[in-house]
Amino acid sequence: MEQEKLKKYRPYTPVHLPERTWPDRIITRAPIWCSVDLRDGNQALIQPMNLEEKLEMFQLLVQIGFKEVEVGFPSASQIEYDFLRLLIDGKHIPKDVVPQVLTQARDHLIKKSFAALQGVDEAIVHLYNSTSALQRDVVFKKGRKEIIELGVAGARLIHEQAARTETKIRYEYSPESFTGTELDFALEICEAIMDVWEPTPDNPVIINLPATVEMSTPNIYADQIEWFCRHMHSRDCATISLHAHNDRGEAVAATELGLMAGADRVEGTLFGNGERTGNVDIVTLALNMFTQGLDPRLDFSRINRVINIYERCTKMKVHPRHPYAGELVYTAFSGSHQDAINKGMTALELTQSGLWEVPYLPIDPQDVGRTYESIIRINSQSGKGGAAYIMDREFGFKLPKDMHPGFGRVIQEASDVHGDELTPEMVFHTFEREYLLNSKGYVLQSFNVLKRHFEKDEANSVAEIESVVVVRGEEKTIRAVGNGPLDAFCTALRDELGLQFILHSYHEHALARGSSSKAVSYIEILDHDSESWWGVGVDTDIIVASIKSLLSALNRSASKVHKGK
């Protein structure tokens with residue numbers, strides 16, 4: 001960067017807190033959650049929500065488990081006022097959910113807010129005024145004393161209005177732009193407000209300390225929270241709340257460290273919607289806790305439904321790489337990642353620990369209502385393990401490990417030709433075309449075991465077969481004797497059709513349970529050049545499946561334009 005540009009900025013002043021304790025703490029319980037989607041989130045939309053969309057969003061928030069919801073700024077506009085009345089008059093607010101309204105420290109706005117709340121059982125009235133040095137000097141041109149007087153006057157009027165209503169009123173105060181406010185002044189004004197409201201341990205006030213603009217690294221925000229909690233009087237009479245914005249892209253980290261530093265409550269939005277770069281993302285925060293074995297007390301087990309309603313109401317899109325919720329976050333394109341996930345999933349099925357331990361997947365997708373279908377997706381960067389995983393998980397074909405490299409190359413070639421991601425169905429159709437429907441050399445018309453003689457010594461067992469094979473359009477009837485049907489068929493191919501190959505590997509398994517299940521056979525041959533070729537056959541008769549898989553391998557060998565083996 002140009003030096004002249006750099007001179008416009010200065011580093012944020014850290015907090016002198018050498019005895020800080022938060023780095024040694026861990027989060028052991030979920031905070032009190034307050035959604036501000038309907039206020040902070042809504043005001044940041046290009047097209048704010050209408051009444052119907054607001055109601056649908058409110059109902060979603062309640063279903064997720066929010067017990068406190070900032071429903072708007074009813075003194076700011078008619079639609080905000082009307083929405084609160086819709087919630088109250090329509091009896092849409094459950095008994096255990098408390099609506100929160102925001103108001104500036106101005107008399108007519110406070111009175112209108114209380115008018116909008118008439119008839120609700122309980123509510124939080126959230127008072128704020130700007131306290132930062134920059135706002136004091138540039139916007140309001142007031143000193144510290146005048147800013148305190150403004151806040152205290154607003155707190156007194158709210159206290160008076162609360163005494164005149166049957167609604168149980170809980171108080172909240174925010175020194176707006178807390179992170180731009182000197183700590184001693186932020187503490188002074190908050191304590192002055194508390195002196196007016198006279199909170200008790202049984203009826204605490206909410207002191208919300210917002211990073212209205214994120215200005216520092218998360219550790220400094222944590223230092224500010226710990227300093228504040230340590231120095232305030234009557235700490236047991238206050239619920240310390242966090243409200244982080246994401247200007248530096250660190251809101252989640254700042255909030256987590258703020259909770260470690262002593263905060264009790266978090267205000268934020270679904271997927272981080274909000275002014276500029278957004279509010280702290282409560283979905284990420286809650287699921288971060290979940291992956292640590294901590295109950296977040298919010299239910300995101302049907303994340304796709306949450307995404308659908310959010311996108312419909314806000315006209316915003318959830319980023320495909322959004323933590324936990326994005327379309328691609330349970331997807332691996334990289335071959336090494338696919339292989340590790342595949343092995344991890346297999347190991348998980350065998351272990352009895354009950355712990356989720358799968359490489360590259362910090363959370364079980366099923367816990368948020370996603371499926372394993374999208375964990376591994378195939379493109380030109382994918383490796384052998386990914387394609388095999390799709391065939392196993394989606395279609396029941398458990399390809400032998402030695403077959404993975406060749407099949408991976410077949411799928412890579414298909415992806416290169418397609419020029420895009422291959423869906424599971426496209427992977428299967430490529431597999432089917434390459435292995436099951438390949439008829440470029442030999443096609444099985446009929447197969448019969450004429451005689452079968454078993455001995456205790458397998459070397460003396462005998463099978464005689466007869467088969468009709470179509471060889472490049474011409475039917476050939478072949479017969480032979482071997483120590484089993486497959487061995488006899490191999491002998492017939494060599495003796496009567498002159499084919500040269502060695503049967504190298506054989507695997508089989510059932511494709512489904514039940515009397516009508518099909519069997520799948522995998523055979524590897526070495527051709528006359530000692531090159532390896534795999535074939536696959538499927539039939540209700542395992543013997544016929546093995547005959548088909550042998551012919552599949554021979555057909556692939558006969559058309560060596562294919563690089564996959």
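Being a predicted model, the structure only gives us computed values, none of them experimental. As a basis for the values below, the full set of heavy atoms in this structure was taken, side chains included, without hydrogen atoms, waters or symmetry mates.
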Donor-acceptor pair, distance only, cut-off 3.5 Å: does the side chain of [X] make one with the backbone of [Y]?
{"X": "Thr351", "Y": "Leu348", "answer": "no"}
{"X": "Asp392", "Y": "Ala388", "answer": "no"}
{"X": "Arg312", "Y": "Glu53", "answer": "no"}
{"X": "Ser467", "Y": "Val469", "answer": "no"}
{"X": "Asn273", "Y": "Gly41", "answer": "yes"}
{"X": "Asp539", "Y": "Ile542", "answer": "no"}
{"X": "Ser552", "Y": "Gly535", "answer": "no"}
{"X": "Trp534", "Y": "Tyr435", "answer": "no"}
{"X": "Tyr330", "Y": "Tyr324", "answer": "yes"}
{"X": "Asp40", "Y": "Val36", "answer": "no"}

So which of Thr269, Leu242, Val266 actually passes side chain to side chain contact (heavy atoms under 4.5 Å, CB included) with Val280?
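Single pass found, and it is Val266.
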Check [X] against [Y] and note the closest heavy-atom contact, atom names and distance.
{"X": "Val71", "Y": "Phe83", "answer": "O-CD2, 3.7 Å"}
{"X": "Leu511", "Y": "Gly396", "answer": "CD2-O, 3.4 Å"}
{"X": "Gly326", "Y": "Arg370", "answer": "O-NH2, 2.9 Å"}
{"X": "Glu267", "Y": "Arg265", "answer": "OE2-NH1, 2.8 Å"}
{"X": "Ala44", "Y": "Glu275", "answer": "CB-N, 3.4 Å"}
{"X": "Ala325", "Y": "Ile307", "answer": "O-CD1, 3.2 Å"}

Passes salt bridge (charged side-chain N to carboxylate O under 4.0 Å, His left out), Glu349 versus Lys343? Steps please.
CA-CA 10 Å; Glu349 292 177 351; Lys343 290 174 180 174; over 6 Å; no
Counting neighbours of [atom1] on [X] that are heavy atoms of other residues, nucleotides or ligands and sit closer than 6.0 Å, is the number greater than 12?
{"X": "Arg29", "atom1": "CZ", "result": "no"}
{"X": "Lys317", "atom1": "NZ", "result": "no"}
{"X": "Arg25", "atom1": "CZ", "result": "yes"}
{"X": "Arg297", "atom1": "CZ", "result": "no"}
{"X": "His504", "atom1": "NE2", "result": "no"}

Check this for me: does any side-chain nitrogen of one of [X] and [Y] sit under 4.0 Å from a carboxylate oxygen of the other?
{"X": "Glu70", "Y": "Arg39", "value": "yes"}
{"X": "Lys476", "Y": "Glu466", "value": "no"}
{"X": "Glu52", "Y": "Lys54", "value": "no"}
{"X": "Glu434", "Y": "Arg556", "value": "yes"}

For the rings on His509 and Tyr522, is their centre-to-centre separation under 6.0 Å?
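Yes - the distance between ring centres of His509 and Tyr522 falls below the 6.0 Å cut-off.
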Ring centroid separation Phe58 to His92 under 6.0 Å:
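Ring centres of His92 and Phe58 not closer than 6.0 Å.
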Given side chains that start at C-beta, do those of [X] and [Y] come closer than 4.5 Å, heavy atoms only?
{"X": "Asp37", "Y": "Asn42", "value": "no"}
{"X": "Asp295", "Y": "Phe290", "value": "no"}
{"X": "Lys67", "Y": "Val98", "value": "no"}
{"X": "Phe271", "Y": "Thr314", "value": "no"}
{"X": "Glu496", "Y": "Thr477", "value": "no"}
{"X": "Leu87", "Y": "Leu55", "value": "yes"}
{"X": "Trp533", "Y": "Ile523", "value": "no"}
{"X": "Val318", "Y": "Glu311", "value": "yes"}

Could you tell me whether the side chains of [X] and [Y] share a donor-acceptor contact shorter than 3.5 Å?
{"X": "Ser521", "Y": "Ser546", "result": "no"}
{"X": "Gln500", "Y": "His528", "result": "no"}
{"X": "Asp339", "Y": "His404", "result": "no"}
{"X": "Arg305", "Y": "Gln63", "result": "yes"}
{"X": "Glu214", "Y": "His245", "result": "no"}

Evaluate the side chain to side chain contact (heavy atoms under 4.5 Å, CB included) criterion for residues Asp24 and Met260: first the C-alpha distance (whole Å), next the side-chain angles of each, then the deciding distance (0.1 Å), finally the verdict.
CA-CA 8 Å; Asp24 295 324; Met260 292 162 57; over 6 Å; no
Against the six-membered ring of Tyr442, is Arg472 placed for a cation-pi contact (under 6.0 Å from the centre, within 45° of the normal)?
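Ring-cation test returns yes.
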Rounded to the nearest 0.5 Å, how far does [atom2] of [Y] lie from [atom1] of [X]?
{"X": "Leu51", "Y": "Ile79", "atom1": "CG", "atom2": "CD1", "answer": "4.5 Å"}
{"X": "Asn50", "Y": "Gln47", "atom1": "CG", "atom2": "CD", "answer": "8.0 Å"}
{"X": "Ile32", "Y": "Glu68", "atom1": "CD1", "atom2": "CD", "answer": "6.0 Å"}
{"X": "Tyr506", "Y": "Leu550", "atom1": "OH", "atom2": "CG", "answer": "10.5 Å"}
{"X": "Glu56", "Y": "Leu61", "atom1": "CD", "atom2": "CG", "answer": "11.0 Å"}
{"X": "Ile547", "Y": "Phe447", "atom1": "CD1", "atom2": "CZ", "answer": "4.0 Å"}

Stepwise side chain to side chain contact (heavy atoms under 4.5 Å, CB included) check, Tyr310 with Met57:
CA-CA 7 Å; Tyr310 167 84; Met57 178 63 78; 4.1 Å; yes
Evaluate the side chain to side chain contact (heavy atoms under 4.5 Å, CB included) criterion for residues Asn288 and Val252: first the C-alpha distance (whole Å), next the side-chain angles of each, then the deciding distance (0.1 Å), finally the verdict.
CA-CA 10 Å; Asn288 280 357; Val252 168; 3.7 Å; yes
Among Phe407, Tyr389, Phe431, which residue meets the ring pair (Phe, Tyr, Trp, His ring centres under 6.0 Å) test with Phe397?
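Result for ring pair (Phe, Tyr, Trp, His ring centres under 6.0 Å) with Phe397: Phe431.
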Could you please spell out the steps behind the side chain to side chain contact (heavy atoms under 4.5 Å, CB included) verdict for Ile465 and Arg479?
CA-CA 6 Å; Ile465 64 94; Arg479 286 191 180 196; 5.9 Å; no
